[in-house]
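Okay, so here's the structure we're looking at.
Note on naming: letters A, B, ... go to the chains in the order of the sequence lines (proteins, then strands), and numbering restarts at 1 for each one.
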Amino acid sequence: MQYNFNEIEAKWQKYWAENQTFKASNSTDKPKYYVLDMFPYPSGAGLHVGHPLGYIASDIYARYKRHQGFNVLHPQGYDSFGLPAEQYAIQTGQHPAVTTETNVTRYREQLDKIGFSFDWAREVRTSNADYYKHTQWIFIQLYNSWYNNDSKKAEDIATLIALFETSGNTTVNAVCDEDIQSFTAEAWNAFSDKEQQQILLQYRLTFLAETEVNWCPALGTVLANDEIVNGVSERGGHEVVRKKMTQWSMRISAYAERLLNGIDYNQDSLDWTDSIKEIQRNWIGKSVGASVTFNVNDHDATIEVFTTRPDTIFGVSFMTLAPEHELVSQIVTNEQKDAVNAYIESTSKRSERERMADVKTISGVFTGAYAEHPFTKESIPVWIGDYVLASYGTGAVMAVPCGDQRDYDFAKHFDIAIPNILEGVDISEAANADKSVKIANSDFLNGLNAKKAGKLAIYKLEELGQGIGKTQYRLRDAVFSRQRYWGEPFPVYYKDGMPQMIDAAHLPIKLPEVEKYLPTETGEPPLGNATDWAWCTTTNEVVSNDKINNETVFSLELNTMPGWAGSSWYMFRYMDSQNEGEFANKEMLDYWGNVDLYIGGSEHATGHLLYSRFWTKFLHDRGFLSVDEPFKKMINQGMILGTSAFVYEFSWMTQSNGEGDFGMNSDKMPSFFITKSKYDKIVKGDVEEIEKTKSFYEKTLNEIFPNSEISACEEIQLAPKHVDVALVNASDELDIDGFKNWRAYYANAKFITEDDGTLKVGREVEKMSKSKYNVVNPDEICERYGADTLRLYEMFLGPLEQAKPWNTAGITGVHNFLKKLWKLYVDDNGLKVTDAEPTKENLKTLHKTIKKVSEDIENFSFNTSVSTFMICVNELTAQKCSAKEILEPLAVLMAPYAPHIAEELWAQLGSTNSVSEAAFPIFDEKHLVESSKNYPVSFNGKMRFMLELPLDMGKDDIEKTVMADERTQKQLDGRTPKKVIIVPGKIINLVG
RNA sequence: GCUGAAGUGGUGGAAUUGGUAGACACGUUGGACUUAAAAUCCAAUGUCCAUUAGGACGUACGGGUUCAAGUCCCGUCUUCAGUACCA
């Protein structure tokens with residue numbers, strides 16, 4: 001009986017689906033374990049072999065945990081709102097829901113073929129109304145909350161209103177907009193309803209505000225900071241400009257400190273990689289320092305700066321404003337006006353990206369104005385310079401050449417004073433000085449170190465009223481509105497210009513139908529095209545726009561939510577995905593807690609991972625979740641790269657003698673290709689090879705165009721061309737016939753082959769992409785080798801976290817392994833497993849494997865597990881093992897990795913249940929105990945020969961035995977060793 | 001520039017605590033089977049010298065510690081990732 005993988009895999013996939021083998025139970029005595037993959041966006045291109053890598057790893061772990069007796073939750077779903085479906089809709093008019101449905105079906109087919117143990121009964125799709133209903137509900141909760149800095153958590157907005165009513169806002173310690181006006185309880189109570197609403201918006205955790213946003217004209221929408229990479233949009237690489245717009249925002253900055261602390265200071269800190277933690281730390285970007293106010297001489301103006309080094313305040317010798325700083329035009333003197341304007345003009349022409357890239361050039365202009373030092377009262381020149389960014393901090397810095405390298409460089413370049421305020425440090429080295437160095441020339445700070453001086457400086461500044469200790473974060477509030485169609489609608493209508501939440505009882509607010517998916521002619525978002533997009537407050541339903549009267553019927557919000565809205569809480573929806581009334585039942589939430597293992601790409605470090613932590617903490621604060629972090633342990637799988645194949649095209653400028661039938665554009669004109677090794681020779685300038693190639697070229701053309709006399713001239717032209725990797729075999733040989741059929745214009749191609757007649761291609765590792773013809777489809781692999789082979793090979797490629805190239809050529813190794821495994825159980829006459837007593841060797845091989853594989857799974861070292869299985873099967877085959885006592889546990893051991901073949905073998909062995917219900921084999925040390933050790937014997941550290949000795953032999957006896965060995969005497973050649981190192985059970989080393 | 005990770009045969013990679021470097025595969029070469037091919041099986045395969053026996057060299061490069069270094073320390077180079085005038 002052959003290993004018929006297609007039949008076996010189809011059979012067991014059907015069995016698992018019909019028996020709901022992997023359905024997680026919500027009520028059981030078993031301990032729980034939650035394994036989650038980052039859910040995919042179902043793109044039209046389908047999956048390539050790189051996508052399932054993380055899913056296979058998590059599936060192995062989930063299956064392993066089931067064998068260990070855990071109640072495992074291992075769900076899957078789709079992040080199905082998003083740009084590509086919308087852009088397809090714009091181009092073709094096809095509704096994004098239709099595109100999404102098609103893509104999801106295709107994804108599901110592909111996923112099913114790989115044999116994952118997903119509990120599909122819990123599938124979620126963020127674009128389904130029964131899902132986004134709850135996304136809308138969470139939005140309403142955020143709107144109805146404020147962040148109390150005293151209790152350090154989010155609270156119901158009602159508690160804030162109560163505070164305002166009794167004592168105004170002066171005693172409230174809340175996270176809110178800057179520049180809030182103070183008011184008393186009386187004043188609050190006297191405000192109109194609209195005024196009160198406007199004030200509350202400044203405190204709500206999601207709020208409507210006119211903010212400067214990143215506007216992407218090409219995409220027609222705003223983008224969040226994490227959606228911009230290197231100054232251009234992450235999707236499409238389009239230009240991004242700053243623009244003021246009224247937008248919904250999320251007050252994530254309220255959680256900056258907790259998001260930072262959560263990374264490593266909580267009791268059981270997150271088991272994430274250091275690199276992801278570091279990326280989040282940098283993104284949050286906490287800096288502790290002081291805000292200092294400088295008065296501008298002869299003007300009724302102040303410059304506010306933020307500094308992390310208030311201790312260096314006496315070292316300030318100038319100030320620098322960003323060229324865009326609003327004060328510049330006010331304070332610039334008449335003499336400097338032209339120079340300043342010219343500078344502003346020239347910097348505005350450079351994009352932010354250019355400015356960031358160019359760190360070397362020092363430029364700036366003096367404004368002619370002076371500011372007053374808060375302590376010395378000396379006049380300090382105020383400059384503008386593009387090394388100060390308007391978008392960070394206050395857009396102004398107090399420059400301390402003695403404390404900051406850029407300030408030093410700037411001062412040096414423009415010949416500004418460089419006072420030294422550090423004791424015993426050369427001024428050119430001062431910027432890199434240690435913080436323990438004592439401060440000098442600084443009045444009351446003299447003799448103190450940086451830390452103490454900083455504290456004192458802040459104290460004195462506060463006394464003067466010209467400064468305050470301040471902690472600043474780089475993390476900005478996140479813009480939550482998108483001018484798109486394919487996203488969650490807001491449960492919001494507008495009354496008298498103020499946003500109103502629709503009562504949660506009336507959710508979901510379903511996405512309306514529109515004629516066109518583009519913005520309206522008046523520049524409104526796509527929802528502006530909807531004819532039925534108004535809210536009736538009497539019937540509580542969406543009604544036609546003509547009914548808007550602004551008394552009972554109001555217009556609805558036209559923006560939709562961003563891509564990260566739905567993905568910020570989906571991990572909790574899986575716990576109770578069919579719940580209509582609430583996002584998940586409290587009991588289920590408490591039972592499943594948080595995700596025990598999360599697997600996905602590290603590219604989400606600043607977006608999804610931060611936003612989900614934020615929402616989790618918020619829901620926790622408001623009592624909806626008992627956990628405070630969503631993901632306990634996280635593994636980031638590396639990217640699988642493609643191994644591109646290249647053919648080498650060559651040509652010469654050709655000359656035709658006389659009229660003839662020759663033509664460069666003739667259909668008969670072939671393409672010429674040369675094999676890799678000869679191409680390399682030509683590149684190196686091998687004259688003989690060039691001549692041979694040239695004469696081949698001439699000869700071939702003269703045969704094709706017999707009525708012309710053709711000769712090659714000029715230089716040879718060489719061009720490597722991508723060729724589909726499917727046309728290349730394991731030995732890098734091109735399928736020439738396949739190649740000719742691949743493209744019509746290669747049909748007549750001519751080849752200079754290797755001497756054995758094959759055409760070898762070149763190889764290069766690149767990102768997998770359609771345009772490079774190096775994409776490998778998992779379906780084809782499953783069809784040809786089986787899903788178990790695919791799973792094993794993806795793991796065998798290398799460490800999970802590492803980026804590594806895919807090369808289909810190597811897959812025969814693991815495929816042959818599975819065939820060998822099969823043969824261990826089954827031969828032409830059927831099952832060959834017997835009840836024979838296992839030998840010592842059999843048991844040793846098995847238990848060695850159990851030990852190694854268990855350790856490997858715990859360490860996520862799946863590549864070495866596969867090697868271990870290979871060694872195990874090689875050994876058992878050599879031992880001619882047929883003992884059920886060995887082969888039965890081996891099937892269970894294999895089950896997480898190659899579940900289909902494991903199920904089949906398990907069934908062949910006579911079991912009637914699924915192998916997934918079997919307990920994982922237990923390692924027994926006693927089978928590995930040895931009585932002797934084959935010692936490597938080294939001389940001066942160099943291994944010369946092996947010597948088998950009993951393990952219980954003492955050092956003295958070992959030394960005697962070694963010295964007595966004739967090989968030792970030969971090595972020593974009459975010398976006496978100075979020293980004999982013996983590590984029992986390990987090594988023998990003779991020195992001298 | 002800064003931060004982090006890494007650099008091992010022709011290729012992917014192993015070596016978990018300093019203790020036989022190159023496991024396990026791919027590829028290559030030779031052989032068996034076959035009319036032939038495929039499939040399968042067997043053997044060899046780090047480089048160099050040597051008919052063999054054997055020897056020298058060898059984990060990016062240069063030093064060091066140690067009986068013993070891919071592993072630890074110092075310096076240099078390269079690659080990848082993240083980040084970037086963050087005040």
Between B:C26 (P) and A:H815 (NE2): distance, integer Å: 12 Å
Using the P atom as the point on both nucleotides, what is the distance between B:C86 and B:A5, in whole Å? 23 Å
Pairwise P distance for B:G13 and B:A60, with rounding to whole Å: 15 Å
Select base, sugar-phosphate, or nothing to describe what A:N989 touches, counting heavy atoms under 4.0 Å on all strands. base
For nucleotides B:G70 and B:G7, find the distance between their C1' atoms and express it as a whole number of Å. 11 Å
When both hydrogen-bonding distances must be under 3.5 Å and the geometry is Watson-Crick or G-U wobble, what is B:G62 paired with, if anything? B:C74
Side chain of A:M870 - closest among B:C24, B:C85, B:A87: B:C24
Between A:N282 and B:A84, is there a side-chain N or O to OP1/OP2 distance below 4.0 Å? no
Look at A:E754 together with A:K676 and state whether they make a salt bridge at an N to O cut-off of under 4.0 Å. no
Please state how far atom CD in A:E801 lies from atom C1' in B:G82, giving the value in whole angstrom units. 17 Å
Under the side chain to side chain contact (heavy atoms under 4.5 Å, CB included) test, which residues partner A:Q2, sequence neighbours left out? none
Looking at A:K955 and A:E959, is any side-chain nitrogen of the basic one under 4.0 Å from a carboxylate oxygen of the acidic one? no
Could you work out the separation of B:G9 and B:U29 based on their C1' atoms and round it to a whole Å? 16 Å
Is it true that A:K823 and A:D827 have a side-chain N and a carboxylate O under 4.0 angstrom from each other? no
More than 12 heavy atoms of other groups within 6.0 Å of A:R967 CZ: yes
Who is the Watson-Crick or G-U wobble partner of B:U45, with both distances under 3.5 Å? B:G27
Protein-nucleotide distance (A:R309, atom CZ; B:A87, atom C1'), rounded to Å: 11 Å
Per atom distances to the A:K823 side chain, the nearest of B:U40, B:A87, B:G82 is B:U40
Contact letters for nucleotides 1-15 of chain B, in which S counts primed atoms plus P, OP1 and OP2 and B counts the base, heavy atoms under 4.0 Å: -----------BSS-
Rounded to the nearest angstrom, tell me the gap between atom CD1 in A:I857 and atom P in B:U16. 19 Å
When all nucleic acid strands are considered with a 4.0 Å heavy-atom cut-off, which category describes A:N816: base, sugar-phosphate, or nothing? sugar-phosphate
Which comes earlier along RNA chain B counting from the 5' end, the contact point of A:T394 or that of A:I811, where each point is its nearest nucleotide? A:I811
Side chain of A:Y343, backbone of A:D386: donor and acceptor closer than 3.5 Å? yes
Give the rounded distance in Å between these two atoms: OH of A:Y387 and P of B:C85. 14 Å
Under 4.0 Å between any heavy atoms, over every strand shown, what does A:V991 touch: base, sugar-phosphate, or nothing? Just pick one. sugar-phosphate
Contacts of A:K819 and A:T308 projected onto RNA chain B by closest heavy atom; the upstream (5') one is A:K819
Looking only at atom P, what distance separates B:U35 and B:U51, rounded to whole Å? 41 Å
Main-chain N/O of A:D732 paired to A:N729 side chain as donor or acceptor, under 3.5 Å: yes
From CA spacing to verdict: salt bridge (charged side-chain N to carboxylate O under 4.0 Å, His left out), A:K848, A:E875: CA-CA 11 Å; A:K848 201 170 69 178; A:E875 286 182 5; 3.0 Å; yes
Base-pairing mate for B:U17 - Watson-Crick or G-U, with both contacts under 3.5 Å: none
Could you tell me which nucleotide pairs with B:U40 by Watson-Crick or G-U wobble geometry, both distances under 3.5 Å, or answer none if nothing does? B:A32
When you compare B:U47 with B:U40, how far apart are their C1' atoms, in angstrom units rounded to a whole number? 33 Å
On a whole-Å scale, what distance lies between the P atoms belonging to B:A68 and B:G19? 14 Å
For B:U83, does OP1 or OP2 lie under 4.0 Å from any side-chain N or O of A:R281? no
Quick check for you: among B:G19, B:A84, B:C24, whose closest atom lies nearest to any side-chain atom of A:R474? B:A84
Over all strands shown, is A:T868 touching base, sugar-phosphate only, or nothing at heavy-atom distances under 4.0 angstrom? nothing
Among B:G19, B:C24, B:G27, which nucleotide sits nearest the side chain of A:T812? B:G27
Who does B:G1 pair with, Watson-Crick or G-U, both distances under 3.5 Å? B:U83
Below 30° counts as parallel, above 60° as perpendicular, anything between as tilted: where do the rings of A:Y897 and A:F862 land? perpendicular
From the candidates B:C85, B:A87, B:C41, the one with an atom nearest any side-chain atom of A:R406 is B:C85
Output yes when at least one side-chain N/O atom of A:R944 is less than 4.0 Å from OP1 or OP2 of B:G54, else no. no
With P as the reference atom in both, quote the distance from B:C26 to B:G63 in angstrom, rounded to an integer. 39 Å
What is the separation between atom CG on A:L792 and atom P on B:C26, rounded to the nearest whole Å? 14 Å
Nearest to the side chain of A:I987, which nucleotide is it out of B:G82, B:U20, B:C26? B:U20
Distance, rounded to the nearest Å, where A:M943 contributes CE and B:G54 contributes C1': 14 Å
Is A:N874 near enough to B:A25 that one of its side-chain N or O atoms lies under 4.0 angstrom from OP1 or OP2? yes
If you apply the rule salt bridge (charged side-chain N to carboxylate O under 4.0 Å, His left out), what do you find for A:E925 with A:K851, and how did you get there? CA-CA 9 Å; A:E925 183 81 53; A:K851 181 167 190 269; over 6 Å; no
